[in-house]
Structure formats: C-alpha cells, structure tokens
Amino acid sequence: MKKATIKDIAKAVGVSIATVSYILNDVKTQSISDETRVKVLKAAQQLKYVTNRTAQSLKVKKTGLIGILWFKGQDRHVWSDLKYARTINAIERHCSELGYHVLFMQIDNLGPSSKIIMERNLDGVFLMNVDQEQFTTISHYFGFGVPVFVIDSYIEDPLFHKIVPDFVGSFQAARSLLGEAPQFLVMDSYNNAELMEFIKRESGLDEGRIHVFDSIEGMNEFLSAHAGRPGIVLNEFLAHEAAKTHNRFAVLCTSHCPEIVPQGMAKVAFDLNDYKEIVRMMDRNIQDADEVSREKFYCLSVIT
C-alpha cells in the first residue's frame with residue numbers, strides 16, 4: 001500500500017502543500033486558521049500519514065532513531081534467544097509512544113559490525129549485556145551528547161546510565177519467601193564480569209555454594225550436592241530446568257516471564273513498567289543535551 005504524502009493531504013483538504021507542511025511541523029510564524037488546522041490534522045489521521053523522520057531530521061538535526069544493541073554471550077542455551085524478548089518489547093513500545101523508531105541489532109562474539117552502526121545516526125542507545133571491553137570499543141561510534149543506557153552490565157564510568165534488576169531487594173524478598181537462609185545459588189551467566197561479581201557478593205554465599213550455569217548435567221550435579229536444602233535460582237528459564245530435579249528454591253525472574261515458573265514455587269519478579277520512566281529519561285537527555293539525571297544507576301522494582 002502506497003504511503004500517504006503531504007501532497008495527498010493537501011489535495012484532500014484543498015490547500016497548498018506548504019500549508020500542510022506548516023501545520024504538520026507546527027510552524028508558529030504562519031497565520032493559519034484553526035478550522036484549516038483541524039481539517040489538515042483530520043485528513044492526516046484518516047490517510048494514516050506517517051511523519052518522515054529522515055526529512056524531519058534535516059530541520060531538528062535528529063533522526064528519531066533509538067538503538068537497542070544486544071550483545072550475545074558465548075554460551076548458547078535453549079532460552080538464550082528469549083531472555084531479553086520482553087525487555088526489548090517494553091523499550092520498543094515506550095519509545096514508539098514518544099514518536100521514536102527502534103533499530104534492533106544482535107551482536108555476537110565476532111565483534112560489532114561498525115559499518116552498520118556508523119551508518120545510523122542514533123539519537124540514543126540501549127546496550128544490553130555488554131562487557132567492559134565491548135563497551136569501550138563500541139562507545140566510540142556514538143557522537144558526543146548521545147545518551148547511552150546500559151542494561152544488565154556495570155560499566156566503570158559515571159557518565160552512563162546503568163539499569164539492572166534490584167538484586168539486593170530481590171535476594172531479601174527470596175529469603176523472606178523461603179522462610180530461611182538460602183544454602184545455594186544457581187545463576188545464569190552475563191557477559192559483564194563486574195555484574196557477575198556483584199550478584200555473587202549480594203547473595204551472601206561463598207563461591208562453593210554458587211553455580212554459574214554451563215550445562216544441564218553440571219547444574220544437576222551441583223543440585224544433587226544440595227538435595228533437600230533451600231536455595232535461589234536466578235532466571236526463570238533456568239529454574240524451569242532445575243525444578244525437574246530440585247524444588248526447594250525461590251526464583252528471581254530476570255527474564256520477566258514469571259508465568260513459566262512451576263506452580264507453587266516461590267518467585268520474585270521485576271517491574272517492566274519501570275522502562276516507561278527509563279525511556280522518558282532518555283528522551284529528556286535527547287531533547288536537552290545539558291539534561292543531568294540525578295540517578296545514573298537504576299534498579300528495576302521488585303514484585304513478589
């Protein structure tokens with residue numbers, strides 16, 4: 001189906017193309033009657049006119065594009081392609097509400113495609129599961145003033161916003177649900193070593209009681225050594241597998257899919273609605289390069 005243009009709107013209303021352009025771009029210097037404005041805006045809606053972001057960027061020097069770059073890990077599991085699906089969907093939905101278009105890319109361990117990234121003049125960027133080395137490499141591709149928000153990573157730089165689940169609050173909630181202190185932790189892996197260490201430290205457990213998932217066999221061997229003991233499993237997809245051999249644990253639903261946790265099992269979820277404010281925070285940074293957010297470390301709220 002052919003996309004509607006301002007020429008189509010002008011023809012439908014019976015005004016000049018220039019008049020339509022002035023109205024759609026909200027030009028204040030032109031004297032146009034309210035009646036004409038209403039007719040043009042109604043026609044644009046009826047014709048399903050979509051603003052040309054590329055043309056608009058010539059005026060405001062912005063593209064209207066938000067990038068979501070997901071850095072895949074080395075380990076490939078059944079759930080690897082699903083763990084960030086709802087996070088990406090939430091960000092895309094809230095960006096769309098503010099009039100942005102989202103460019104999504106998966107970057108594997110062979111390295112980012114600098115050519116594709118540099119071809120796009122992004123207004124803002126979300127980096128997911130990025131390690132310090134990858135971040136250092138790719139951050140050079142984004143111009144000064146482009147806000148960069150990092151998800152599920154801890155980057156040693158106060159300039160960038162960091163977003164992680166509230167692990168401190170969720171461990172406390174899990175202990176409360178269990179009714180006793182956990183004796184082990186099974187966790188999914190992240191590319192970011194600093195975040196991994198933070199999670200381990202906040203669990204309050206020593207290394208011998210923490211298992212970073214590598215294989216079903218390895219996890220089952222670890223769980224058999226903790227048979228009958230209470231624990232915590234981080235990632236509901238991982239918990240779904242662990243529940244086949246062990247059932248005394250609370251689940252931290254870091255993939256935002258609590259409905260897949262076996263019925264009756266204790267679980268702690270995180271509020272995806274928090275991304276509405278996070279996206280608005282990015283929008284404020286895009287609109288005002290001098291915008292300074294008081295909080296650069298954002299924890300997703302705990303839901304029990």
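Values reported hereafter were calculated over all heavy atoms of this structure, with side chains retained and with hydrogens, waters and symmetry mates removed. For clarity, every value in this text was computed on a predicted model and none was experimentally measured.
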Check: H246 ring centroid to F184 ring centroid under 6.0 Å: yes
Side chain to side chain contact (heavy atoms under 4.5 Å, CB included) between K244 and I216, worked out: CA-CA 11 Å; K244 295 175 182 178; I216 298 293; over 6 Å; no
Nearest atoms (heavy-atom pairs only) where G231 meets P182: CA-CB, 4.0 Å
Under 3.5 Å side-chain donor-acceptor pair for D8 and Y49: no
V261 side chain reached by C253 side chain, heavy atoms, under 4.5 Å: yes
N191 side chain reached by S153 side chain, heavy atoms, under 4.5 Å: no
Exam field: side chain E236 to backbone S255, donor-acceptor pair closer than 3.5 Å: yes
Point-to-point distance, once rounded to the nearest 0.5 Å, from CD1 of I88 to CZ of F126: 11.5 Å
Sub-4.5 Å side-chain heavy-atom contact between I278 and L300: yes
Derivation of the salt bridge (charged side-chain N to carboxylate O under 4.0 Å, His left out) call for E259 and R86: CA-CA 13 Å; E259 66 272 20; R86 286 190 171 169; 2.6 Å; yes
Check: Q183 side chain, A181 main-chain N or O, donor-acceptor pair, under 3.5 Å: yes
Check: K39 and K42 side chains under 4.5 Å, non-hydrogen atoms: no
Same apolar cluster: M196 and W70, side chain cutoff 4.5 Å: yes
Where T245 and N220 come nearest, the two heavy atoms and their spacing: OG1-OD1, 3.3 Å
Distance (rounded to the nearest 0.5 Å) between Y154 OH and I199 CD1: 14.0 Å
Trace of the side chain to side chain contact (heavy atoms under 4.5 Å, CB included) decision for V233 with L185: CA-CA 6 Å; V233 176; L185 169 66; over 6 Å; no
Heavy-atom pair with the smallest gap, counting every atom of S170 and V302: N-CG2, 3.6 Å
Ring center gap for F135 and F160 short of 6.0 angstrom: yes
Which atom of V186 lies closest to which atom of M219, heavy atoms considered: CG1-SD, 3.9 Å
Non-hydrogen atoms of F237 and C257 that approach each other most closely: CZ-SG, 4.1 Å
Chi angles and distances behind the salt bridge (charged side-chain N to carboxylate O under 4.0 Å, His left out) call for E180, R229: CA-CA 10 Å; E180 55 187 316; R229 299 174 186 170; over 6 Å; no
is_close_aromatic(H94, Y275), centroid dist under 6.0 Å: no
Nearest heavy-atom neighbours spanning A174 and I232: CB-CD1, 3.7 Å
